[in-house]
Visitor: 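Mind looking over this structure? Questions follow.
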Amino acid sequence: MTLSLFNEPSAQEIAPGVWWLRAFALPTLTSLQDGVNEVLAAAPWRQMQTPGGQTMAVSMSNCGPLGWVSDRAGYRYQTHDPLTGRPWPPMPQTLANLACLAAEQSGYVQFKPDACLINRYLPGTRLSLHQDRDEQDFSQPIVSVSLGLPAVFLLGGMARSDKTFRLPLSHGDVLVWGGPARLRFHGVMPVAEGDHPALGRMRINLTFRKAA
DNA sequence: CAGTTCCA
DNA sequence: GAGT
């Protein structure tokens, strides 16, 4: 018999191409955390600069063959960590498996992420509305895993000025968007103060992409 | 170009 | 809502 990673048949399509899997990762959270800590030991948190020279509020790291970076030269994926000069640490199997399963539950078969961006939100931290458009193949979805403190996710439309929907994301929630939703604007409201049993005063988000 | 920003 |  197969042990299921899912608590419930919880995948819900909340908009065309957007799937919200609530508490999806709960049974595997400790192994996810182990994987994240392993990555952070090799590629520590850092705050990147926007091309305009602003310091981003979110602290970031990456794992997998490619990592997302931003600096004065622009946004891009690269094989090496600019902080250490080394390749990004490998993507722990538990992370890759979870992303693949979440994508499959959402109807996106054979999702093989080559990049996992790890974002840390301390209380007060936000992420402005943006599109994920630095990947080469927009036919592949985005898989986003929420850990720790809850946050309000903003799901916008294809234009920055479009009305946004607010989704309350909790520890273990996974959001998958692709197809007609692949280029929708999205962001995160400032994270409220709190103390999560597993992660303390922080929210961690794992974003899996097929970048190349 | 760039705003994953800041400010009116 | 901005800028080239």
Side-chain angles (χ1 to χ4, degrees), chain A residues 15 17-18 20 36 39-40 43-83 88 91 95 99 113-138 140-169 173-178 180-192 199 201-212:
Chain A
V18 183
W20 187 2
V36 169
V39 169
L40 292 171
W45 296 124
R46 84 291 308 274
Q47 283 174 277
M48 298 187 188
Q49 305 292 121
T50 67
Q54 303 289 336
T55 299
M56 295 179 67
V58 176
S59 294
M60 301 177 167
S61 182
N62 286 280
C63 61
L66 291 170
W68 186 85
V69 298
S70 176
D71 58 24
R72 296 308 295 253
Y75 311 133
R76 65 196 174 278
Y77 284 91
Q78 56 179 51
T79 57
H80 284 61
D81 179 350
L83 193 65
W88 296 106
M91 192 183 303
L95 273 67
D114 56 14
C116 175
L117 175 62
I118 307 176
N119 287 338
R120 181 188 67 181
Y121 299 74
L122 300 179
T125 304
R126 79 172 76 195
L127 188 60
S128 305
L129 276 187
H130 66 278
Q131 296 168 299
D132 289 4
R133 53 186 299 173
D134 302 314
E135 301 75 27
Q136 292 192 353
D137 183 1
F138 295 149
Q140 294 298 307
I142 301 290
V143 174
S144 170
V145 179
S146 294
L147 300 171
L149 291 178
V152 176
F153 184 88
L154 298 172
L155 178 64
M158 299 301 293
R160 189 190 295 279
S161 55
D162 287 347
K163 172 183 182 299
T164 58
F165 295 83
R166 296 166 165 239
L167 310 175
L169 297 184
D173 284 1
V174 180
L175 204 59
V176 180
W177 64 96
R182 178 60 179 75
L183 290 175
R184 285 179 75 146
F185 277 84
H186 56 279
V188 177
M189 295 281 283
V191 168
L199 285 171
R201 287 166 42 96
M202 76 174 78
R203 170 176 191 260
I204 290 180
N205 181 73
L206 311 175
T207 310
F208 298 88
R209 299 94 182 260
K210 181 79 172 67

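Hydrogens, waters and symmetry mates are skipped; everything else that's a heavy atom, side chains included, is used. Proteins get letters first, then strands, A, B, ... in listed order; numbering begins at 1 in each. Predicted, not measured: the structure shown is a model, and the values here were computed from it.
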Visitor: If we count only N and O atoms by modelled type, under 3.5 Å, do the side chains of A:Asn205 and A:Thr207 hold a donor and an acceptor together?
Guide: yes

Visitor: Evaluate whether the aromatic ring of A:Phe185 and the six-membered ring of the B:dT4 base sit under 5.5 Å apart, centre to centre, with an inclination under 30°.
Guide: no

Visitor: A:Arg126 CZ to B:dC6 P: how many Å, rounded?
Guide: 8 Å

Visitor: Quickly work out the A:Asp132 CG to B:dT4 C1' distance and round it to whole Å.
Guide: 9 Å

Visitor: Which residue, A:Ala73 or A:Ser128, contacts DNA chain B at a nucleotide closer to its 5' end, judged by nearest heavy atom?
Guide: A:Ala73

Visitor: Using the ring of each side chain (for Trp, its six-membered ring), is A:His186 parallel, tilted or perpendicular to A:Phe153, with breaks at 30° and 60°?
Guide: parallel

Visitor: Is there side-chain contact between A:Arg203 and A:Val188, with at least one heavy-atom pair below 4.5 Å?
Guide: yes

Visitor: What is the distance from CD of A:Gln131 to C1' of B:dA2, rounded to the nearest Å?
Guide: 11 Å

Visitor: List the atom of A:Asp81, the atom of A:Ala43, and the distance in Å for their closest heavy-atom pair.
Guide: OD2-CB, 3.6 Å

Visitor: Please report, rounded to the nearest Å, how far the P atom of B:dC6 is from the CE atom of A:Met56.
Guide: 10 Å

Visitor: Determine which nucleotide pairs with B:dT4, using a 3.5 Å limit on both distances of a Watson-Crick or G-U wobble pair.
Guide: none

Visitor: Using a cut-off of 4.0 Å on non-hydrogen atoms, how would the nucleic acid contact of A:Asp134 be classed: base, sugar-phosphate, or nothing?
Guide: base

Visitor: Quick one: is B:dT4 close enough that its OP1 or OP2 comes under 4.0 Å of any side-chain N or O from A:Arg160?
Guide: yes

Visitor: Find the distance A:Arg133:CZ to B:dA2:C1' and express it as a whole number of Å.
Guide: 9 Å

Visitor: Considering residues, nucleotides and ligands other than A:Arg76, do more than 12 of their heavy atoms fall under 6.0 Å from its CZ?
Guide: yes

Visitor: Less than 4.0 angstrom between a side-chain N/O of A:Tyr75 and OP1 or OP2 of B:dT4, yes or no?
Guide: yes

Visitor: Examine B:dT4: is either OP1 or OP2 under 4.0 Å from a nitrogen or oxygen in the side chain of A:Ser70? Give yes or no.
Guide: no

Visitor: May I have the distance from A:Asn119 (atom CG) to B:dT4 (atom C1'), rounded to whole angstrom?
Guide: 9 Å

Visitor: Atom NE2 of A:His130 and atom P of C:dG1: how far apart are they, to the nearest Å?
Guide: 21 Å

Visitor: Can you tell me the distance, in whole Å, between the CG atom of A:Asp71 and the P atom of B:dT4?
Guide: 14 Å

